[in-house]
Amino acid sequence: MSTNPTATASAPDLDQRPAVTVLTSFSEAAAAVVARQLLSADKRLLVVCHDISAIRSGRVRRTVRGAEGLIEDTAVELVHGCVSCTLREDILPTLTRLAGQHPAHGIVLVLPTVVEPEAVAAACAHCLVDGAPVTNVVRFDSYVTVVDAASLLDDLTSTDDLRDRQLHAADDDHRAVAEVVVRQIEYADTVVSWERSGDPFEQARLSALLYRLAPWARHLKIGAKHDTGPQDTGQHGDLAAALLRTGRHDPAAPGPLGRALEGFPIAVHAPDSDCGVVSLLFETRRPFHPQRLHDALEDLTEDLLRGRGQLWIASQPDAVVGFEFVGGGVAMGSLGYWLAALPADRWGEASDYRRIAADLSWDPYYGDRRTALAFVGLRVDATALTDLLTACLLTDDEIADGFDRWRDLPDPFAGCFPLDDDTAPAHSTPAEPS
C-alpha cells in the first residue's frame, strides 16, 4: 500500500525492471472494463488473468493478452488446489517469464475476484522463482482496486460467506464477502470507482465511504455507458496515465492493522455525517477493562461497516491486540509485544518506523502502549460510540491499583492473545526508551 499517493513516474522510470500493476476487484465485470481500457491505451502492455473457478479440483486457466489479442491460453494443473499454490506455482513464475520474454512491456496482473492483494505481496516477500526473488526481475508498481458502485454497499453490508455464493477458493475458505471486499480496498494505493448510476447522492455517498475506508489511496472514477466501455471522468482524463507506471506502491508500508504501531494514520476522523457516512478515530493511552470491553462488543459494532486498529487490555498489558470488525464478525488477535514489555536488546527486532513512532510518543508510565481504533459506518452516532468506548476503559481508581493488580481483573479474553515466545517481559511498567 502506498504512503505517497502523489508519487510521480520520474523515480520508477529509472528502474529498468518491467512494471507490474496488480488489478483486483470483487466484480469481474468492473475489472474487465479497466483491463480493456488499459490494454487499448498502451500497446506495450500484457494483461495476465487466472480463472480459478476449478481451483478446488486442482485446475487453473491462465490467459495472457497483448494489444494484438490473445497470446496464451493455458490450463495449469496444481499440486494442491489453493490460492497460495497458484501464486507460487504459476502466477509469480509467469510474471518472471513474461518479463524475460517481453522486457519492454508493462504487465497488468488481474487477480481472481476472491484473491486478496496482500497475498500477492506476501508471496513476493517469501517465495523464490528459479532460486531468486521475483522482485529481482519485475517491479510491483501499484496495487489498484476497482469497485462496482452498483454492488459495493450490498457487499459491504452482507453477512454472506464466500461459500454462500459458491466463490470459496478452498473447502476450508470461510472468509466473509465483506472481508474480501474491504481488504481489496484497504490494501490498494489506488481505488477506482466504476459508476453506472447517475444518482448524485449515491455517487457522493460512495465517494465518502471509499475515502474513509482507504484515506491513504488515490481515488478515481470511471463511468460506463450501456456497459460498452468506460469513459474516464478522473482528474487526469486518461485512465492509463493515471494507473500505469505511477510508482505508488510502497512495499515497506504496513497493512491496516499495523499502521498505528508504525506511526502511520489509520483513519480520517470525520464524526459528522457525510451523506450518511461517519468515520470515528478513537485514541487513548488508558487500557480497556477486559470484562467491560467484552460485554460491549455487540453494541460497539451494531451500526458499523468496518472497524480496525490496535488496543490493549489491562489484564494482558504485554500484548498488542489487533481489532477487526467486518461482515458482521469481530476478530481480535495478538500482534506481538509492546516494546515497553521487552528488554531493550530486543527492540532491534521491530522496524525502524515502529521504534521511531515509539520514541516520539513514549509515555513515562505506559511506554508505547496505546489504543488506536477506527470505525466506519452509516448513520453511526459518533458521540454515543465514543461514550461507550470510554466507559470500557479503566476508571481512575482502577488505574491507581497499578499494573500488578490489573492482571487479576476478570478476563473473558484469557488465553486469546498468545505471544510468540517464552520471553518474560522485562518490566511491569516501562523503562525509558533508549
Side-chain angles (χ1 to χ4, degrees), residues 2 7-25 27-51 60-74 87 90-113 115 117 120-121 124 129 134-146 184 188-192 194 217-218 220-224 228-249:
S2 173
T8 65
S10 57
D13 282 345
L14 301 177
D15 193 325
Q16 298 304 306
R17 294 172 297 170
V20 175
T21 301
V22 180
L23 183 65
T24 186
S25 177
S27 164
E28 288 186 1
V33 162
V34 172
R36 287 197 302 268
Q37 175 89 354
L38 296 178
L39 194 57
S40 64
D42 190 331
K43 304 306 179 185
R44 295 195 305 169
L45 198 66
L46 300 173
V47 174
V48 181
C49 300
H50 286 77
D51 179 352
V60 170
R61 179 189 172 200
R62 179 185 69 244
T63 58
V64 180
R65 288 180 169 83
E68 303 303 319
L70 187 65
I71 298 173
E72 297 179 11
D73 189 344
T74 306
L87 287 166
D90 194 77
I91 292 180
L92 297 187
T94 296
L95 296 179
T96 301
R97 175 174 56 81
L98 292 175
Q101 293 173 345
H102 307 274
H105 285 60
I107 300 173
V108 173
L109 173 62
V110 183
L111 295 181
T113 56
V115 175
V120 177
C124 292
V129 176
V134 66
T135 50
N136 284 4
V137 181
V138 298
R139 169 173 55 85
F140 284 82
D141 180 78
S142 182
Y143 281 77
V144 178
T145 291
V146 186
Q184 290 177 344
D189 51 63
T190 310
V191 177
V192 179
W194 183 39
R218 171 90 175 275
L220 301 172
K221 299 178 183 180
I222 59 173
T228 58
Q231 283 119 41
D232 179 20
T233 59
Q235 291 183 344
H236 297 283
D238 179 7
L239 187 62
L243 297 185
L244 300 177
R245 303 176 184 88
T246 63
R248 291 193 188 109
H249 175 57

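Note that the numbering runs from 1 along the sequence shown for the chain. The shown structure was predicted, so the numbers you read here are calculated from the model rather than taken from an experiment.
Sparse packing is recorded around CD of E68, with 12 or fewer heavy atoms of other residues, nucleotides or ligands lying under 6.0 Å away.
When atom types are taken as modelled, the side chain of D141 and the backbone of R245 share a donor-acceptor pair closer than 3.5 angstrom. Of the possible polar contacts, one joining the Q184 side chain to the T113 backbone as a donor-acceptor pair under 3.5 Å is found. Side chain of T24 to backbone of L111: no donor-acceptor contact under 3.5 angstrom is found. Side-chain N or O atoms of D73 include none that pairs as donor or acceptor with a backbone N or O of T63 at under 3.5 Å. Put simply, the side chain of T96 gets close to the backbone of L92: a donor and an acceptor are under 3.5 Å apart.
Distance check, rounded to the nearest 0.5 Å: OG1 of T190 to NE2 of H249 gives 11.5 Å. Taking CZ from R44 and CG from L39, the interatomic distance works out to 14.0 Å, rounded to the nearest 0.5 Å. Distance check, rounded to the nearest 0.5 Å: CD1 of I71 to CG of L46 gives 5.0 Å. Rounded to the nearest 0.5 Å, atoms CD1 (I107) and CG (L244) are 12.0 Å apart. Atom OH of Y143 sits about 10.5 Å away from atom OG1 of T21, to the nearest 0.5 Å. Remark: Q37 CD to D238 CG distance equals 7.5 Å, nearest 0.5 Å.
Here the closest heavy-atom approach between residue A241 and residue T246 is recorded as O-CG2, 4.4 Å. Scanning all heavy atoms of the two residues, the minimum distance from A240 to A41 falls at CB-CB, 3.7 Å. Closest approach of P18 to P103, counting heavy atoms only: CG-O, 3.7 Å. Heavy-atom minimum distance, L23 versus A31: CD2-O, 3.8 Å.
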**Q.** V48/L98 under side chain to side chain contact (heavy atoms under 4.5 Å, CB included): CA gap, chis, key distance, verdict
**A.** CA-CA 10 Å; V48 181; L98 292 175; 3.5 Å; yes
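With contacts defined as side-chain heavy-atom distances shorter than 4.5 Å, the pair T135/R17 qualifies. Proximity of L243 to V34: side-chain heavy atoms (C-beta onward) are separated by under 4.5 Å at one or more points. When side chains are defined from C-beta on, V33 counts as touching I222, because their heavy atoms get closer than 4.5 Å.
Counting only residues at least two apart or on different chains, the salt bridge (Lys or Arg N to Asp or Glu O under 4.0 Å) pairs with a member in residues 90-105 are R62-D90, E72-R97.
Ion pairing between a basic and an acidic side chain is recognised when a charged N comes within 4.0 Å of a carboxylate O; R218 and D189 show no such pairing.
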